[in-house]
Each structure stands twice: as C-alpha cells, then as structure tokens.
Amino acid sequence: MSPKPILQAKNIIKKYRMGTQVVSVLNSINLDVYPGEVVSLLGKSGCGKTTFLNIAAGLERPTKGEIIIDGHLLNKISESKMSVFRRKYIGFVFQLYNLIPSMNALENAILPLVFEGIPAREREQKGRELLKTMGLGDRLGHKPSEMSGGQRQRISLARAIINNPRIIFADEPTGNLDSRTTKEILDLLISTLRKNGQTLLMVTHDQEVARHGDRIIEMADGKIIGEKVM
Amino acid sequence: MRKKDLFLMANQNLWRRKARTILTCLGVIIGTASIVVMISLGIGLRISMEQSMAQWGSLNIINVHPGMQWDESGNPTGEEKRMTDETVAELAAIPGVTAVSPQYNIDGEAKLGRKEGYLNIVGLDPAVMGELEFSVEHGRLLAPEDRFAIIAGSQVINNFWDERAARRGGMMMDGPQQQDPAELLDQRIQLTIRNQAGNERKQNFFVVGILDEKNMDRSWQVYASIHDVKRLRDFMMKGANNTGQMGPMAKEVMYSGSGMMVASTVKDSPSRGSRKDDRSNDYDSIMVRAKDVAQTKEVSQELRDRGFNAWSMADSLKDIENVSRTMQAILGGIGGITLFVAALGITNTMVMSIYERTREIGIMKVIGASFADVRSIFLTEAALIGLFGGIIGLGFSYGASQVVNKIGADYIQQGMMMGGPAANISVIPAWLAAFAVVFSIFIGLAAGLYPASRAIKVSPIVAIRNE
Ligand SMILES: Nc1ncnc2c1ncn2[C@@H]1O[C@H](COP(=O)(O)OP(=O)(O)OP(=O)(O)O)[C@@H](O)[C@H]1O
Ligand SMILES: [Mg+2]
C-alpha cells in the first residue's frame, strides 16, 4: 500500500436529533482508503453505511471528526465550495441511479462536464466514447425511462467517472439489479477504475457484492467491527 | 457553466411543463401589453397635442396684455398695468426673454384690386420680427425702413372676394374658394379707416411677404411696422379726445411715409405724452419671445406674478401635459399592477418547479453543480419567462396599437373636418419597445430571486435519501 491515504476518516461521530431524542448513528469511525483501492463497506440495513458514505463524500457534515480527501480537510470547505470540490475529486453512484429524467443517456453522462464548462463538442465526444465502452453505444439518445435498470446504472457509472475523479463513492450500486447484471456492472466499474488507478468506496449489505473489493470493512451499529483483506 | 449551456438547459427545463410555462408567460404578456399600450397612448396623445399646438401657434411666444386683476368676488384689485416703453424695457430684462416688441392693432375695410375684404393689422417692431418667429414662405420680412409695407398671413387672401364676379358666376354657392396665398405677394391693398369725427382715410399697403402656413395663429392677420400702425391709430383716435388739435395731427397722418423714417418706438413713447395718465398712446399689447418652451412657462409665470395678463400656447400645453401625465400615470399604474401580479405568477411557478425538481437539484449538486450554477439556472428560467412574455406582449402591443389608431383615425375624421393627416393616438417608439422587453426580463429576474435562493438551499442529501 502506498503510504498516503486518499481518504481519511478520523473519529467520525454522527448524531441525529429527533425531537427530544438524540440518535447516535455513527460512533467514532476511523478509516483510511489508499489510492487505487476498492473498498467494500458491508453491514446490515440501518447500521449507518449510507450515513458514513455521505459524510465521506462531503454531502453531509459529521457531528464530530474529520474527513480528509487527497489532503483537503472537508470540514473547512464551505457548502458553496463543496460542489466544486466534488466535481474535481469525487464521483458518486446512487442505488436508484438518480438520472435526470428529461435528459437522454448522453446528456446525463456528460452533465458534470457541463458544470465544469467543457465545450459541447468535446464533452459529447468524450461521453459518446465512454458510453460505447460501457455497451450503450446504441442508446445514447434514449431517456432513462426507456431503459432497463442495468442500463441506467451504467449511465450513472459513466456520469460518476467522466470527469476522472480521484475517488468514487457508490451506495448500493447494484441494490436494484439481478445477480447477473450485478456482476456485469461491478466488473465494468472496477475494471474501468483499475485502468485509471481510481479509488472506490462501495457500500453494500450483500456479501457477494462486497467480495468484489480488495478489502471488506464490516459495520454494525455505527461502528467498524471487522476488516477482511481479499 | 457556459452561458450557452445555461440558456439551453433553462430553456429545456421550461418546456418540460409547456402548459404551465405558457400560462405563466400569459401573465407577463398581458402585463407587458397593457403597460406598453397604455404608455403608447400617453405618448401618442402628447405628440399629437404638441403637433396641433405647433400648428396653432408658436410655443415660445407670449402675448402680454395690460393685466386687470380681479379678486375672488370679481372686484378689480389694484390698477391695470400700463403698456409703455418702460414696460417693454422691463419685459426685455426678464431672464429667458430673447425678444420683445410692443404691438398696436387696427382693422378696417380693405380693397385688393376689385376684391373687397377686411384687414386686421398688427403693428410690430420690424427689427425683431425674425426673432419673434415670423418666417415667410414668399417674399421677405419687414425691414425697419419699410413704409406701409405688410407681410400677410397665409389665409389673408381668403378675406377678399370679388363680389361682382361672385354674383355673376354664382361662385358664392360653393362657399369661399381657397386661393393661393402667393397671389397676394407684391400686391397693393388699400385700407379704409374712419375716425370718431367721421373723417375717412385711405392708406395703401404693399405686400412684401407671405407668412408660411405652419402657424394658424397668425394666418388671418397682416403685420406692419408699428410706426405705420401708430400713425393710422392716431388718426382714428382724433375724433375721440384731442378734437382741438385735429388740424396739425391730420396733416401728420397725411404724410405718406416716402421720406426718412425718424420716429422710433422710444420717440413715440406713450409715457412721454403730454399728460401723465393719458393712456391713449399705451400699447395694445406686448409680444414676448422666450428662449424655449420651458422658459416660456417660467416667463409667463413671472409676468403673471408682476400683474400682467400673459398668454402663450405653452400655457395650454402645460395643462394638456398635466392631463396626459396623469393619464399616463394611471394607465401605467394599471399595467404595473398587472405586471406585479405576473411577477408573482413567475415566482409561484418557479417555486412549484423547485418542489418538483428538488431531487434533480440535489443530484446536480452531488455531481458538481455549484451554487452559482443552480442560481443561474433558475434565474435564467425566470428571466426567459419574462423575455418570452415581454416579446409576445410587445407583439400584441403593436397589434393593439394599430387597432387603436385605426379606430381613432376613423373617429377623428368623423369628428372634425380640419384634422389634417390624422395623428396616431398610440405611438410605440423604439425606446418603449426596448424598455418593455428589458423591463419584462427584469421582472422575471426579480421574480426568480426568491425561488433561486431556495433552490440553492436544497440539500444534496435529498437526492440520495429517497422520500
Ligand atoms: N436524517 C436523519 N434523521 C434521523 N435519523 C436518521 C437520518 N438519516 C438516517 N438516520 C438513521 O440512521 C440510521 C442509519 O441509516 P443509514 O441510512 O445510514 O443506514 P444504512 O446502513 O444505509 O441502511 P440501508 O442498508 O437500509 O440503506 C438509521 O437508523 C436511520 O434511521
Ligand atoms: Mg443505505
């Protein structure tokens, strides 16, 4: 392992206030993820995986603790700068794909480049090539509603990696797919990442899925309870 | 994010909900159209007023009469102002006044060859006639050395008719014929005046110029040197007060004027007359020229403050301006309220749109849309609604304006005979069109501010946490 982690979670604590009650969701999570690693975060439903992933990706603030991505302390980045930071360093894959229904496959995949200000021609060419390698070359003009779950998730993957982020976060990326499609998607995602030396932190409750990672972190009740290197 | 992408995206977003966008635009369309048409009515009204005003008389000329002041119950207060050379000098000294001439008026029967008619003669200081906005279409203006020369208004020739010819040919059946004003040039007109003692005098006038037709105020009069008019006036006065001196005065009047002109306004000065309160030589009125319309109003007011009777076209213009300004304010206000409601419509639409697209906004933020991007998208959408509404509304305004003008033209032509070319009552100048579009964009932007600030606050978490 290279000595410098790309993602460091230091003593992350997250509490939610529910009226008078305070729910402790994450209890002092410490995790280092190194460049090029594929890490699976495995745990039962409700153990706090999503919460941790969101905090690690800067979508949510921890109650306590620090997140450092590629040397940048996220706590110090303001809400308005966070989007720009994410655009540069982070890709995100959602369980429910979260594509924009009014845009077609190509438009969805290249949306991050639109916000980055890349000229239309350049970004469309890049998007076309990427979607082709993901087996969607003949679906570029289709709207998400006209595509299967596996196809949608492939668009979502393309969108997450199109601007070459250093680290990709995926929350149950195959949660809604059958086992065959799940394997296809994971193989595609991981092989693409390997080519570019990118890092993946993936959340799942499925042992099979977790096994695709280099390392499996096991979580329960807001704590890390074990780690397995594959 | 590039401007082009921003506009494309905003435009695309708008047309995802066609019906709602069109309905929202409709508010802006109606608001813009009503504001534009209403302002155009105000502008058109003012322009046509000013045009007809300029036709009726010069806007910079003030006619000053000896003021008789009355209090509220109708009793005269104070003494009537006198019109003497001191008065002329006093008026000339008022700031904003560029020319002043004393004025005598006389009238009498006149003959133009075989034609008979009537002559209103206004005597003015020939030296300042040019500055008093007299301009001739034919011939020339009066020169100070002219003796019994006149320039005639464009309609003066229509004061003369050949009665015998008319009787013969039955021409009068058709009413007076329009005659070419130029025919009067270089003609000799013989004026007949009588004094109170019953003496009669005939005086020939030579027409050296014809006034141009613009100024209807002056078109039925002829203008002569005040010295000539004074002479005739003195003759007419004779029978009245100075009967004893009739001999020598009559002689002076008979003096034909072919010799050197020695008398000046100052020498003729009424104030240097024999008796102090002899007002018979006071001027009938004084004509004052102000620098421009604005000065005219100020000078008129100053004159009234000093106790004179001052009247100018600009005064009437001021009233009309007030009416038209009030009207514009009322009409503009109605349009403004409509647009305000339209703006609320835009805000409402955008807020609804944000509710619907909360998830989408969250996703965009997760994948790298900055605050500025999100704000820009929603502001652009709102501005586009304003722009579309503004442009279509402007289109409707042009249509409505034409309809109003068509109806107005028919009405005016029915209503009055001498309308000339019917003026448009609704005028949309380029600046108004530009203003309308810019303003509706601005309305859209303003209406989009609040929704945009809400869009910014949408948390990216909502994109991930379903429901
Ligand atoms: N905004 C919130 N307010 C209060 N409690 C919350 C909030 N978000 C999450 N929780 C709670 O935190 C706990 C962990 O939620 P989380 O979504 O992280 O679980 P998870 O491990 O991702 O589960 P799953 O596998 O079902 O997605 C849950 O008990 C949930 O009720
Ligand atoms: Mg979860």
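What you see is a predicted model; the values in this text were computed from it and never measured.
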Give a yes or no answer on whether the side chain of A:Ser83 reaches the backbone of B:Gly368 with a donor-acceptor pair at less than 3.5 Å. no
Proximity breakdown for B:Ile361 and chain A, heavy-atom pairs closer than 4.5 Å: neither
Within the supplied structure, the quantity of interest is the number of heavy atoms (other residues, nucleotides, ligands) at a distance under 6.0 Å from A:Asn75 CG; does it exceed 12? yes
Only pairs of heavy atoms separated by less than 4.5 Å count here; which of A:Ile90, A:Ile118, A:Val84, A:Asn163 has the most with chain B? A:Ile118
For A:Arg86 and B:Lys365, the nearest pair of non-hydrogen atoms, with its separation, is NH2-O, 3.2 Å
Could you tell me whether a side-chain N or O of B:Arg2 sits under 3.5 Å from a main-chain N or O of A:Gly117, the two making a donor and an acceptor? yes
Considering only heavy atoms and a distance below 4.5 Å, find which of A:Pro101, A:Ala57, A:Pro119 pairs most often with chain B. A:Pro119
How about B:Phe442: does its CZ atom have over 12 heavy atoms from other parts shown lying under 6.0 Å from it? no
Is A:Ser78 close to chain B through its backbone or its side chain, or both, or neither, when contacts mean heavy atoms under 4.5 Å? neither
Does atom CD (B:Glu356) have a neighbourhood of more than 12 heavy atoms from anything else shown, all under 6.0 Å? yes
Determine, stepwise, if the pair A:Met103 / B:Met9 fulfils side chain to side chain contact (heavy atoms under 4.5 Å, CB included). CA-CA 10 Å; A:Met103 295 182 177; B:Met9 191 183 282; 4.1 Å; yes
Flag if over 12 foreign heavy atoms under 6.0 Å of NZ, A:Lys15: no
Heavy-atom pair count under 4.5 Å with chain A, highest-scoring of B:Leu8, B:Val366, B:Asp5, B:Ile363: B:Val366
Whether over 12 other heavy atoms sit under 6.0 Å from A:Phe85 CZ: yes
With a cut-off of 6.0 Å (strictly less than), are more than 12 heavy atoms of other residues, nucleotides or ligands near CZ of B:Phe340? no
A:Leu96 CG to B:Arg359 CZ distance, which is reported to the nearest 0.5 Å: 6.5 Å
Atom CD in A:Glu60, atom OG in B:Ser459: separation rounded to 0.5 Å? 7.0 Å
Rounded distance [0.5 Å steps], CD1 in B:Ile367 versus CG in A:Asn98: 10.0 Å
Taking side chain as everything from C-beta outward and backbone as N, CA, C, O, which of these in B:Met364 sits under 4.5 Å from a heavy atom of chain A? Side chain, backbone, both or neither. both
Contacting moiety of A:Ile100, where chain B heavy atoms sit under 4.5 Å: side chain
Count the heavy-atom pairs under 4.5 Å between each of A:Asp171, A:Asn54, A:Leu99 and chain B, then report the option with the highest count. A:Asn54
Return the CH2 to OG distance between B:Trp15 and A:Ser102, rounded to the nearest 0.5 Å. 15.0 Å
Rounded to the nearest 0.5 Å, what separates atom CD in A:Glu79 from atom NZ in B:Lys457? 12.5 Å
